[in-house]
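Just below is one structure, and these are the notes that go with it.
Side chains are part of it too, since the values below use all heavy atoms of this structure and drop only hydrogens, waters and symmetry mates. Protein chains get the first letters and strands the later ones, always in sequence-line order, with residue 1 at the start of each.
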There are 2 protein chains.
Amino acid sequence: MNVTIKDIARLAQVSHTTVSRALNDSPLINSETKEKIKQLAQEMGYTPNFSAKSLVMDRSYNIGLFFSTLNTGTSAGFFYETVRGINSVVKDAYNLVVRGIDDYEHYRSIHRKSFDGVIVMSQSAKDDPFLHHLSEAGIPHIVLNRKVEGLKAINILSDDSHGSYRVVNHMIKKGHRRIAIISGKQNFHSTVERRDGFVRALQDAGIELKESYQVGASYDLKSGYTAMLQLLDLPERPTAVFCMNDDMAVGAVKAVHDAGLQVPGDVSVAGFDDSMFSAYLSPALTTVKRPIEEISRQGALVLLESIEQKKLAPDIIYLRTELVVRESVAEPAKA
Amino acid sequence: MNVTIKDIARLAQVSHTTVSRALNDSPLINSETKEKIKQLAQEMGYTPNFSAKSLVMDRSYNIGLFFSTLNTGTSAGFFYETVRGINSVVKDAYNLVVRGIDDYEHYRSIHRKSFDGVIVMSQSAKDDPFLHHLSEAGIPHIVLNRKVEGLKAINILSDDSHGSYRVVNHMIKKGHRRIAIISGKQNFHSTVERRDGFVRALQDAGIELKESYQVGASYDLKSGYTAMLQLLDLPERPTAVFCMNDDMAVGAVKAVHDAGLQVPGDVSVAGFDDSMFSAYLSPALTTVKRPIEEISRQGALVLLESIEQKKLAPDIIYLRTELVVRESVAEPAKA
DNA sequence: ACACATCATGCACACGTTAACAATCCAAAA
DNA sequence: TTTTGGATTGTTAACGTGTGCATGATGTGT
């Protein structure tokens, strides 16, 4: 049997109310008795029963971390860094519950009683019904990684458009004019943003957008591979290829090698994310660092604040991306 | 305000007990009223209050997933696959709470009231005090990835020793005699097992074990890189290097390239795990497939069984590893 | 000396659920 | 007719905690 406040009360010769007040640092208690009870509780190895606490306090002590999906389109590194970032903030004051939004048929079981707050790592507008549900259920929540339109929500995200502008611009400065792009999953916010940066960079340089230089993929290694094969097959193949994430870049580099060509000798390749492994590839990957762990940490902080102090946070926070120049983008071979 | 069974009772003109029975498919109820109540509950959008349920049922509806650490030594892919595997089983019957064991100073807050069951992805004997705590607290638990000695526990793991025996044997058959190993974190169970397979393979082939061919690292990319540099510096450098995981293999390959040498032309390299990216490296990595997602899924199944039906599972389950031959191991250059 | 404020404590109830036990009804058996 | 017993439903308490209100003790100003 576990120790309850009533057990403590009996031994301390006070009512359980007093014990409760002591353990919660209520101002309505003598500081001496408070200390005495606290020490006693410590000795007896008391731990609060969160079920009971939840019931009466109307709180669950659960924080939900929801990904759009845990299956396709979520890379391992991305997932890992997110959980780490949030976990470092949440500690053991809350349970961090990890879920995929697409695991649910209906959201009925997600309500204020089951989650004190929710962090949504959102990829696309497909999540909007879910966000809508959160609003309606009155669950404090923040949205990471995506700017949500229409709904009122706290957003924390990186400036992906700017980031991809810079890599592509870097390619242009190196002398590339035939620049292709391998896109991520359609409808993903990140996909739209990164494409936007790509387009702007080309326009600013006065380079024409070619339809055949834009090929769709799905953020995983394999899709990067096949997309690159497609590009290499073109009559006038690109000299540089921007991949919307590092995973696809790895697949793309593989495709180049398998075609008997070299990176960056024959084709330059860049990625996005700065995954852990990207510095250790051969050639080391030129990419854009996206502060996922930092976004997650900030998000968790803001959420906890808004739960605990009902403080209002600003609508939207942008974190800077950073160009990481390594070896996979070089000057194009002379024509 | 949320709908409770009392609200339903009022509308259905029955007692709340009857409602409770209806919703829990108790045999003590008329099937007509049962259906009527169920339908009413559905219409009213009733969802049970888990805090209340927990309190009286003495269950938390939480399943803990504990990693030895979430920081160093846990690779992103490993983490991702584990969570996916378990999540696919747990569904929304339970909350899956993810934690690092080393986040805790003491385990007081982990008790039967806070977790119905715990899955431990364990790396080393350092986790033993934690496992001991779980036993003592009477929390049903299973240990993945490691055979735990002394303590009674259900174990599910892959036969790493056999796996590494096979890669190393594969190297030997290709004609290598100067074979080195880059180890993972000291004290990790996996490190010991994989080393064991390595040693046996060499012994069976009558190859002498050289101290200088065994270098310690820590399962991350960077440590693989520096370890390989060290090996390349040797007066008589190895012709083949077995890395205890794929991450380190990536680092090692990078080191070879940076030294102006080729894989597998000058040095063959093999890894362990069969991470998602290993097929997409250049050269594609020869490695050992370890069924992490499968281990996790099985583990979750066994745990749920033992929670819900109090059924006893076998002490230890081994899942097979599998040699994956790709390109990074070839015949050694003629001496 | 008295009224009154202040501080510390206890009593009793509430939260939403399950379950042991009691009560009722009706049909079948004696 | 009376008894028995199964089926169905209701009454009540319990789980462990927090809180509004009442109570008692102690001091403070007049």
Problem set entry | Neighbour count >12 (heavy atoms, 6.0 Å) for atom CD, Q186(A) |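 No, not enclosed.
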Please report the distance, rounded to the nearest Å, between [atom1] in [X] and [atom2] in [N].
X: I8(A); N: dT17(D); atom1: CD1; atom2: C1'; result: 12 Å
X: D7(A); N: dG16(D); atom1: CG; atom2: P; result: 8 Å
X: Q13(B); N: dG10(D); atom1: CD; atom2: C1'; result: 14 Å
X: L55(A); N: dT17(C); atom1: CG; atom2: C1'; result: 8 Å
X: R59(B); N: dA14(D); atom1: CZ; atom2: P; result: 24 Å
X: K6(A); N: dC11(C); atom1: NZ; atom2: C1'; result: 12 Å
X: N30(A); N: dA25(D); atom1: CG; atom2: C1'; result: 12 Å

Is the distance from OP1 or OP2 of [N] to the nearest side-chain N or O of [X] less than 4.0 Å?
X: N49(A); N: dT17(D); result: no
X: T4(B); N: dG16(C); result: no
X: S54(A); N: dT17(D); result: no
X: T18(A); N: dT9(C); result: no

For this session: Decide whether a cation-pi geometry holds between R59(A) and Y61(A); the criteria are a distance under 6.0 Å from NZ or CZ to the six-membered ring centre and an angle within 45° of the ring axis.
Result: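 Yes - R59(A) lies over the ring of Y61(A), closer than 6.0 Å to its centre and within 45° of its axis.
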Could you label the plane-to-plane angle of the [X] and [Y] rings as parallel, tilted or perpendicular, counting under 30° as parallel and over 60° as perpendicular?
X: Y104(B); Y: F66(B); result: tilted
X: F188(A); Y: Y219(A); result: tilted
X: F130(A); Y: Y107(A); result: perpendicular

Exercise. Hey, are the side chains of L55(A) and S51(A) touching, using non-hydrogen atoms and a 4.5 Å cut-off?
Worked result: no
For this session: For the residue pair S122(A) and R146(A), confirm or rule out a side-chain donor-acceptor distance under 3.5 Å.
Result: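 Result is yes, a qualifying pair exists.
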Could you run down the sub-3.5 Å N/O contacts of the protein with nucleotides 18-22 of chain C?
from: dT18(C); atom 1: OP1; to: N24(B); atom 2: ND2; distance (Å): 2.9
from: dT18(C); atom 1: OP2; to: S20(B); atom 2: OG; distance (Å): 2.4
from: dT18(C); atom 1: OP2; to: N24(B); atom 2: ND2; distance (Å): 3.4
from: dT18(C); atom 1: O4; to: H16(B); atom 2: NE2; distance (Å): 2.9
from: dA19(C); atom 1: N6; to: T17(B); atom 2: OG1; distance (Å): 2.9

Exercise. When all nucleic acid strands are considered with a 4.0 Å heavy-atom cut-off, which category describes I29(B): base, sugar-phosphate, or nothing?
Worked result: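 The residue I29(B) makes sugar-phosphate contact but no base contact.
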